[in-house]
Participant: 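The structure follows.
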Amino acid sequence: MKFSDGSEGSFESGTSLSKILQQKNSSLSGRALAAKVDGQLVDLNHALGQDATVTFVTFEDEEGRDVFWHSCAHVMAHAVKELFPSAKLGIGPAIASGFYYDFDVADPFSPQDLEAIEARIAKIIKANLPLIREVISKEDAASIFRGLGETYKLELLSELEDEQVSVYSQNGFRDLCRGPHVPSTGRLGHVKLLGAAGAYWRGDERNPVLQRIYGIAYPRKSDLERHLKRLEEAKKRDHRRLGRQLDLFSFHPEAPGFPFWHPKGLILYDQIVAYWKKVHRREGYQLVNTPLMLCDELWRCSGHWDNYREAMYCTEIDGIGYAIKPMNCPGGLLIYKSSPHSYRDLPLKMGELGLVHRHEKHGVLHGLFRVRQFTQDDAHIFCLPEQAQDQVIEVIDLSLEIYKTFGFREVHVELSTRPRKSIGSDEMWARAEETLRSALSRKEISFELNPGAGAFYGPKIDFHIEDSLSRRWQCGTIQLDFSMPERFDLDYMGSDGEKHRPVMIHRAILGSLERFIGIIIEHYGGDFPLWLAPVQAKVIPISRDHVDYGAQITSLLEGQGLRIEIDKRDEKMGYKIRDAETLKVPYMLVVGEKEASARTASLRLRHKGDIGALSLDDVILRLKEEISNKT
RNA sequence: GCCUCCGUAGCUCAACGGCAGAGCAACUGAUUUGUAAUCAGUAGGUUGGGGGUUCAAGUCCCUCCGGGGGCUCCA
């Protein structure tokens, strides 16, 4: 045997991995949850028959966590079956953070039920039952699950192609499962159930609704507690809550899914737009704006009528059908077509902060994250085929720069390739995928491959940014589009005097401005950097006598373009400070007798406290510098 | 859209089928404050809308509206 730590050893054929661990007496023996034998993930009970390379996986590895959580799901199913014997099992996988299991039960689980299930899980873990793997024929498995009345398992079974399937059991509980699992339930540590909700069997709304229970678990209690604390923290940062608290935006029954921007929220919005326009102009983009409504005929031409009609708002003008745009591209194409183009004009980079409307289903609306009206930071790049790769690289660079400005340094990249339902020739797809792939490799950016997840008209690169709570958000996208130039018969005059079809790159960096603002509200927890903060500083006069001086400072700083307010209320200073802190104002300028006579202001930093008196010039300098640094 | 839970004052939340309440915010007055809540008072409600059961409904039932959680990360 060769081990991943570099050591080697010889063992009798048929020795189980857990035995080997014991004999090796390594620090892993208590921590290993499963093992990879020649790259294949197996149980520790797996017996080795021949020479192999072995890597033990622990909770520290992603694969180990998956095994751990998967086993938790399995144990949860065991607990549910004990408490609710009539429950039928769906599926129970490990997910990015924890696990779930779906059950078909007569009544949804109540919070009390979850408590009872959680207690039963703890009992099963404490009993330290071994998980036993059996490999049996599909027919035998079918008769077992038929006997148990597990109709969903039978359905899964009927779709499996292997002749042999694996079944795991502990103490009478049996489940069809690919595995691997931890060797015994005692390894599972501390489990917390997080909630229950309905979920369609296999995610299809024509199927019955099962009851899904979500859970999380860690080997160590302290880690579980830290995780729960982080969930609490995320709750506190919920942009819907902060949106109200900081008076940024609101939603109303009169227009569900359509955000109302309040003055302070609009400042955020406008700051982002100003920054976005500045960097795009610098990069040679020309900014355009196209109509909200376009006639049906255009949508038929663009293909939206066939592919996107469900989500479009339609109306009629002078007897002619119109639809509100769900995407900006057709408008951009019309501008391109409005004049002839030479190869010398390309690449043509046309940016549009376009307001789009999509009729999202009622049930999927979610604060600013999922709305029916939003602004895309869109752009369409028309270029020669040989320019496409450089253009993609430029967009990658710009995207990363913009993310960094908002403090997103961790960016995960995905490359999505040709889906089953798609248009265009094999050769076109191969070339386009290669363009994106080599752009990424030229930038030395590692990416995850997402086969078959491209748009029907072309492959794409997606950017997922990671926020301060390590959550990932898909924002940016770069798509190569073969369909639109064709459908709209775009052309340019080549150096050969012939007309050619340009390549179109469709891209967004922030995605939806509304959603992006929701993301940064949670990312910053409402503590916006100075350049974004709706109110950058609050002047706090200590008493009535200092209001005049405070007002002078306020208008002085206002004159310098700073967003500043004064709190003139007859309240104690502590009260006004608390108020400003609660509203997350970055700077407080406290002014009293001393400051008025010395023409200074005492500077107080949000969450940090007093840093002493500064001259007004120094205050202005400091704030302006911080604003221009965008820190 | 579907499943499920929820909707009480501007906000956060109480009230066994039996008189709709508290804190904060707002407003009025007093106080003039030195780095995270001064005191007192006033006002604020068709309990999301509509219908029903009941002697009696915030509470139970139906329905509509809105919101929360979720609806393949596949044995």
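The chains referred to below are lettered A, B, ... by the order of the sequence lines, with proteins before strands, and numbering in each begins at 1.
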Participant: With nearest nucleotide decided by heavy atoms, which residue, H607(A) or K361(A), maps closer to the 5′ end of RNA chain B?
Facilitator: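 So the residue in question is K361(A).
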
Participant: Return the value, rounded to whole Å, for the distance between atom CZ of F103(A) and atom C1' of rU4(B).
Facilitator: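 To the nearest whole Å, that distance equals 17 Å.
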
Participant: Side chains of Y168(A) and D43(A): donor-acceptor distance under 3.5 Å anywhere?
Facilitator: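 Side-chain D/A pair, Y168(A) to D43(A): present.
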
Participant: Find the distance L210(A):CG to rC2(B):C1' and express it as a whole number of Å.
Facilitator: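 One finds 13 Å between C1' of rC2(B) and CG of L210(A), rounded.
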
Participant: Would you say R244(A) reaches rU12(B)'s phosphate, i.e. side-chain N/O to OP1/OP2 under 4.0 Å?
Facilitator: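 Affirmative; the distance criterion is met.
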
Participant: Go through the structure and list residues passing side-chain contact (heavy atoms from CB on, under 4.5 Å) with R241(A), not counting sequence neighbours.
Facilitator: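 R241(A) satisfies side-chain contact (heavy atoms from CB on, under 4.5 Å) with K236(A), D238(A) only.
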
Participant: Is D204(A) paired with R206(A) through a side-chain N to carboxylate O contact shorter than 4.0 Å?
Facilitator: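 Salt bridge: yes.
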
Participant: When the ring centroid of F99(A) is compared with that of Y101(A), is the distance short of 6.0 Å?
Facilitator: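 No: the rings miss the under 6.0 Å criterion.
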
Participant: Regarding V165(A), tell me which of base, sugar-phosphate or nothing describes its non-hydrogen contacts under 4.0 Å with the strands shown.
Facilitator: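 If one applies the 4.0 Å heavy-atom cut-off, V165(A) turns out to touch a base.
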
Participant: A side-chain contact here means heavy atoms from C-beta on lying under 4.5 Å apart; do S137(A) and Q164(A) qualify?
Facilitator: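 When only atoms from C-beta onward are counted, Q164(A) and S137(A) do touch, with a gap below 4.5 Å.
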
Participant: Can you list, by residue number, the residues of residues 576-589 of chain A that have a non-hydrogen atom closer than 4.0 angstrom to RNA chain B?
Facilitator: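 Listed by number, they are I577(A), R578(A), E581(A).
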
Participant: Checking only heavy atoms, does the side chain of E595(A) share a donor-acceptor pair with the base of rG34(B) at less than 3.5 Å?
Facilitator: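 Counting by modelled atom types and ignoring angles, a donor-acceptor contact under 3.5 Å is found here.
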
Participant: With sequence neighbours left out, what residues match E115(A) under side-chain contact (heavy atoms from CB on, under 4.5 Å)?
Facilitator: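 E115(A) satisfies side-chain contact (heavy atoms from CB on, under 4.5 Å) with no other residue.
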
Participant: Quote, to the nearest angstrom, the C1' distance that separates rU4(B) from rA43(B).
Facilitator: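 That atom pair is separated by 39 Å.
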
Participant: With side-chain hydrogen bond (donor to acceptor under 3.5 Å, both in side chains) as the test, pick out the partner of R471(A) among E522(A), E466(A), H464(A).
Facilitator: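 The passing option is E522(A).
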
Participant: Counting Watson-Crick and G-U wobble pairs whose two distances are both under 3.5 Å, find the runs of 3 or more in a row that involve RNA chain B.
Facilitator: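 Stems for RNA chain B, defined as runs of 3 or more consecutive pairs: B:1-7 with B:65-71, B:10-13 with B:21-24, B:26-30 with B:38-42, B:48-52 with B:60-64.
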
Participant: Restricting both atoms to N or O, compile the protein contacts to nucleotides 22-27 of chain B shorter than 3.5 Å, with distance only.
Facilitator:
unit_1  : atom_1 : unit_2  : atom_2 : d
rA25(B) : OP1    : Y575(A) : OH     : 2.8

Participant: Measuring only the P atom in each nucleotide, how far is rG52(B) from rC13(B)? A whole number of Å is fine.
Facilitator: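 Approximately 33 Å lies between the P atom of rG52(B) and that of rC13(B).
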
Participant: As an exercise, state the distance from CZ of F145(A) to OG of S158(A), rounded to the nearest 0.5 Å.
Facilitator: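 F145(A) CZ to S158(A) OG: 13.0 Å, rounded to 0.5 Å.
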
Participant: Taking distance alone, no hydrogens or angles, what donor-acceptor pairs closer than 3.5 Å link side-chain atoms of residues 57-64 of chain A to residues at least two apart or in another chain?
Facilitator:
unit_1 : atom_1 : unit_2 : atom_2 : d
T58(A) : OG1    : E60(A) : N      : 3.0
D61(A) : OD2    : T58(A) : N      : 2.8
E63(A) : OE2    : K36(A) : NZ     : 2.9

Participant: Ring centroid separation for Y308(A) and W299(A), is it under 6.0 angstrom?
Facilitator: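 Not under 6.0 Å, so no.
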
Participant: Atom CD1 of I542(A) and atom P of rG34(B): how far apart are they, to the nearest Å?
Facilitator: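 For the pair I542(A) CD1 and rG34(B) P, the rounded distance is 7 Å.
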
Participant: Looking at side-chain heavy atoms only, is the closest gap between M76(A) and L193(A) below 4.5 Å?
Facilitator: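 Of all side-chain heavy-atom pairs linking L193(A) with M76(A), at least one is under 4.5 Å.
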
Participant: May I ask you to list the residues of residues 61-85 of chain A, by number, that have any heavy atom positioned under 4.0 Å from an atom of RNA chain B?
Facilitator: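 Residues of residues 61-85 of chain A that come under 4.0 Å of RNA chain B do not exist, since none gets that close.
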
Participant: Could you tell me the separation between the NE2 atom of H546(A) and the P atom of rU33(B), rounded to a whole number of Å?
Facilitator: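 Roughly 8 Å, once rounded to whole Å.
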
Participant: Specify the separation, in whole Å, of atom CG of D570(A) and atom C1' of rU33(B).
Facilitator: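 Rounding to the nearest Å, CG of D570(A) and C1' of rU33(B) are 10 Å apart.
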
Participant: Just by distance, with hydrogens left out, do D102(A) and W201(A) show a side-chain donor and acceptor under 3.5 Å apart?
Facilitator: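 The answer is no; no qualifying pair exists.
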
Participant: Please list, chain by chain and in numerical order, all residues satisfying side-chain contact (heavy atoms from CB on, under 4.5 Å) with R569(A), sequence neighbours excluded.
Facilitator: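 If we apply the side-chain contact (heavy atoms from CB on, under 4.5 Å) test to R569(A), skipping adjacent residues, the hits are D567(A), E571(A), Y575(A), D579(A).
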
Participant: Considering only residues two or more places apart or on different chains, which pairs with a residue in residues 581-594 of chain A satisfy salt bridge (Lys or Arg N to Asp or Glu O under 4.0 Å)?
Facilitator: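 Residue pairs with at least one partner in residues 581-594 of chain A: D527(A)-K584(A), E581(A)-R604(A).
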
Participant: For G592(A), answer base if it contacts any base atom (sugar-phosphate contacts may also be present), sugar-phosphate if it contacts only those atoms, and nothing otherwise; contact means non-hydrogen atoms under 4.0 Å.
Facilitator: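 Here G592(A) touches the bases of the nucleic acid.
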
Participant: Given the C1' atoms of rG69(B) and rG50(B), what is the spacing between them in whole Å?
Facilitator: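 rG69(B) and rG50(B) have their C1' atoms separated by 27 Å.
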
Participant: Could you tell me whether E565(A) and K264(A) have a side-chain N and a carboxylate O separated by less than 4.0 Å?
Facilitator: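 Here E565(A) pairs with K264(A) in a salt bridge, since their nearest N and O are under 4.0 Å apart.
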
Participant: Name the nucleic acid region contacted by Q245(A), choosing base, sugar-phosphate or nothing; use a 4.0 angstrom heavy-atom cut-off, strictly under.
Facilitator: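 No contact.
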
Participant: Rounded to the nearest Å, what distance is computed from the CG atom of residue D107(A) to the P atom of nucleotide rU4(B)?
Facilitator: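 After rounding, the reported distance stands at 10 Å.
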
Participant: Residues in side chain to side chain donor-acceptor pair (under 3.5 Å) with T151(A), at least two apart?
Facilitator: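 Here the qualifying residues are K88(A).
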
Participant: In terms of side-chain geometry, is the basic nitrogen of R174(A) or E150(A) positioned less than 4.0 Å from the acidic oxygen of its partner?
Facilitator: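 No, no charged N to carboxylate O under 4.0 Å.
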
Participant: Using nucleotides 40-47 of chain B, report all nitrogen or oxygen pairs with the protein that are shorter than 3.5 Å.
Facilitator:
none

Participant: Expressed as a whole number of Å, how far does the P atom of rG67(B) sit from that of rC61(B)?
Facilitator: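 23 Å, rounded to whole Å.
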
Participant: In whole angstrom, give me the gap between the C1' atoms of rA14(B) and rU31(B).
Facilitator: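 Pairwise C1' distance, rA14(B) against rU31(B), rounds to 33 Å.
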
Participant: Taking the side chain as every heavy atom from C-beta outward, state whether L194(A) and L231(A) have any pair of such atoms under 4.5 Å apart.
Facilitator: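 Result yes, sub-4.5 Å side-chain heavy-atom pair found.
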
Participant: Which of parallel (below 30°), tilted (30 to 60°) and perpendicular (above 60°) describes Y218(A) and H227(A)?
Facilitator: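 Tilted.
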
Participant: For the pair made of CG in D567(A) and P in rU35(B), what is the distance, rounded to whole Å?
Facilitator: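 My rounded result for the distance is 17 Å.
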
Participant: Spell out protein contact along nucleotides 60-73 of chain B as letters: B when the base is contacted, S when just the sugar-phosphate is, - when no protein heavy atom is under 4.0 Å; keep the 5' to 3' order.
Facilitator: ------SSSBBBBB

Participant: State, with a plain yes or no, whether a side-chain heavy atom of C475(A) is found less than 4.5 Å away from one of I519(A).
Facilitator: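 C475(A) reaches I519(A) side chain to side chain.
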
Participant: Between rG44(B) and rA9(B), how many Å separate the two P atoms, rounded to a whole number?
Facilitator: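 rG44(B) and rA9(B) have their P atoms separated by 15 Å.
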
Participant: If I pick the C1' atom on rU53(B) and the same atom on rG68(B), what distance separates them, to the nearest angstrom?
Facilitator: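 About 29 Å, rounded to a whole number of Å.
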
Participant: Between rG70(B) and rA15(B), how far apart are the two P atoms, rounded to whole Å?
Facilitator: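 The answer is 27 Å between these two P atoms.
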
